[in-house]
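Here the structure is laid out as structure tokens; the discussion comes afterwards.
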Amino acid sequence: MLLTITTSHEPATDLGYLLHKNPSRLHSFSLSFGQAHVFYPEATLERCTAALLLDVDPVGLVRNRKGPAGEGGTLEQYVNDRPYVASSFLSVAISRVLSSALGGRSKGRPELAATPIPLHATLSVVPCRGGERFLRRLFEPLGYSVAAEPHPLDETFPEWGASSYYTVQLSGTVRLQDLLTHIYVLIPVLDNEKHYWVGDDEVEKLLRHGANWLASHPEKEEIARRYLKYRRDLAKDALARLVDEEIPDVDIAKAVHDSEEEAVERRLNLNEQRLNTVVAALKGAGAKRVLDLGCGEGKLLRVLLEDRSFNEIVGVDVSHRTLQIAHERLRLERLPGRQRERIKLIHGSLMYRDKRLAGFDAAAVVEVIEHLDQPRLAAFERVLFEFAKPATVVVTTPNVEYNVRFDSLPAGKLRHKDHRFEWTRGQFSEWAERIAAQYAYAVRFLPVGPEDSDIGAPTQMAIFDRT
Ligand code: SAH
């Protein structure tokens, strides 16, 4: 199975930076189902092509019991199309071998990774159950021009007609991340074979990779149904959580607060003051069951755990890695049984409706909203205030007016490189007042940290109470 990706965006060899693979070398990887190789059949300044070659081992598949468990008897276990066609194995290979590019990250060319460039992908053999029309219905709404060349069932017997296999070419001006993501999700949808990855976390995976485009795709029902292999419960769950029209963003998964912002704010010991103020607001509301949304590495969770008045504490974050760190820092493994039962960490995005978030007394959203793309705040607002609807919501965010006080921060720069925005007090209160009016909450504001009469305090906080 061969996937090639070509660009003519000059210097075309920058494709190597986008894929994190040097064009002058062959890169080989062992995967559970075989070998993957990345190489560049052409690499000039005008045109560069990267190839991902998958060498699926059908015997290994049977041994590992992960492949299509041959329903037609043992022979089919060994003799099948899996080594030759684009299937979920290609998606797995993309996520393993090209994970940075799939996540939109490029160390060497970050701006280019965020820029739509002319890209052309060729998939040597794609099983299109549903035919060429379905293939087009999947890719054309995403802005690709599609060429599909059908393969005869057997060249020596033309009268047998066409097979359901096509060589597929996709061209468009898109970000490389988009192209890879679309292939990642839609190839298994086209293939429609059983693949071995269907489990509950597939819903998360689909939502994560479908961020930005699935909610508005005309075939979203069919995509979810096939991706989740007809498990109707899962497909329904996925569709229900695509908050209509809102375009989620989960790239921010990487948005772990790093030392940059902490260094800027350290002198004030702002973090501690913020946590104390949040906890005071939660206790003031009489909350017992609380959510920490975008809990990060668990600083607030630790304080909540220490206070017996909170008897159910749930931390939510979109980043797996961050949750792992929280798990370790809080030493959850070592907590005695009763304590352990009070706290739960869940992986999820605040951009999607999530039943697990409903019915709480309060939610804290501490230094999170500024990590969300502003146009997508709308999805978050609905998820929190319309669907999860805790009685009290505490939101904190930087007050940008205060930044002039941070000596180490150049003028006009935000406190952290992942912040999508930082608001003035006016902007924050306008946002919060609108939400309060729209979802029937009353809102009040509190400064956090030393307050200046002109520019306010470093952190601003809003407390919403459901009316
Ligand atoms: N509340 C923590 C962490 C703030 S950093 C603290 O005060 O220390 C922002 C956090 O929000 C990160 O951990 C990031 O992974 C998380 N995040 C960003 N976008 C998210 C989303 N869409 N859904 C859930 N969490 C998200």
Side-chain angles (χ1 to χ4, degrees), residues 103-105 204 207-212 215 241-243 246-266 268-279 281-282 290-304 313-330 345-354 356-357 362-384 387-388 393-398 414-422 448-449 458-461:
R105 296 182 302 280
E204 303 301 331
L207 292 176
R208 184 149 46 89
H209 291 286
N212 303 342
R241 289 169 55 193
L242 282 171
V243 177
E246 316 296 9
I247 325 155
D249 178 4
V250 241
D251 289 353
I252 330 161
K254 304 294 158 289
V256 183
H257 252 206
D258 60 23
S259 52
E260 209 182 300
E261 182 172 14
E262 280 181 19
V264 175
E265 295 185 343
R266 189 173 302 136
L268 300 172
N269 202 357
L270 193 53
N271 191 43
E272 203 174 308
Q273 294 184 38
R274 195 155 48 215
L275 294 184
N276 291 340
T277 320
V278 171
V279 173
L282 296 173
V290 293
L291 289 166
D292 181 5
L293 303 178
C295 62
E297 296 173 0
K299 291 187 205 125
L300 175 62
L301 295 173
R302 176 193 301 278
V303 187
L304 294 174
I313 304 164
V314 174
V316 182
D317 207 284
V318 75
S319 159
H320 247 306
R321 176 78 197 115
T322 308
L323 285 177
Q324 257 168 7
I325 297 174
H327 189 93
E328 282 157 24
R329 295 226 170 132
L330 296 166
L345 298 181
I346 61 184
H347 182 226
S349 168
L350 304 176
M351 296 298 179
Y352 300 110
R353 283 177 73 163
D354 192 332
R356 298 172 299 179
L357 307 185
V365 193
V366 177
E367 307 294 286
V368 172
I369 58 170
E370 64 276 11
H371 291 266
L372 311 178
D373 276 344
Q374 237 168 313
R376 296 170 191 168
L377 268 179
F380 160 74
E381 287 165 28
R382 294 191 59 201
V383 167
L384 179 54
F387 299 116
V393 178
V394 180
V395 178
T396 77
T397 193
L414 302 184
R415 292 184 205 178
H416 186 282
K417 61 176 177 311
D418 190 64
H419 285 180
R420 308 300 160 101
F421 60 87
E422 285 174 1
V448 181
T459 296
Q460 38 188 348
M461 172 187 271

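Ligands are counted one by one from 1 in listed order, and the atoms in each one are counted from 1 as well. Because the structure is a prediction, the values reported are computed rather than measured.
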Review point. Heavy-atom contacts under 4.0 Å between V316 and ligand 1: side chain, backbone, both, or neither?
Key: neither
Contacting atoms of ligand 1, where contact means under 4.0 angstrom from a heavy atom of [X]:
X: H371; value: 5 (S), 9 (C)
X: K299; value: 8 (O)
X: C295; value: 2 (C)

Practice item. Compute the minimum heavy-atom distance from G348 to ligand 1 and say whether it is under 4.0 Å. Key: yes
Review point. Counting heavy atoms only, which of E297, R376, M351, E367 is nearest atom 9 (C) of ligand 1?
Key: E367
Check your understanding: Which residue from L275, V318, D292 reaches closest to atom 25 (N) of ligand 1 through any of its heavy atoms?
Key -> V318
**Study point:** T459 versus R274, side-chain donor and acceptor atoms under 3.5 Å
**Key:** yes
Review point. Quick one: do the T322 and E297 side chains pair a donor with an acceptor below 3.5 Å?
Key: no
For the residue pair [X] and [Y], establish whether any side-chain heavy-atom pair is separated by less than 4.5 Å.
X: R420; Y: H371; answer: no
X: V368; Y: F380; answer: no
X: L304; Y: L282; answer: yes

Check your understanding: Hey, is the main chain of P398 close enough, under 3.5 Å, to the side chain of Q460 for a donor-acceptor pair?
Key -> yes
**Study point:** Check: D373 side chain, P375 main-chain N or O, donor-acceptor pair, under 3.5 Å
**Key:** no
Does [X] reach ligand 1 with a nitrogen or oxygen that is under 3.5 Å from one of the ligand's nitrogen or oxygen atoms?
X: L350; value: yes
X: S319; value: no
X: L293; value: no

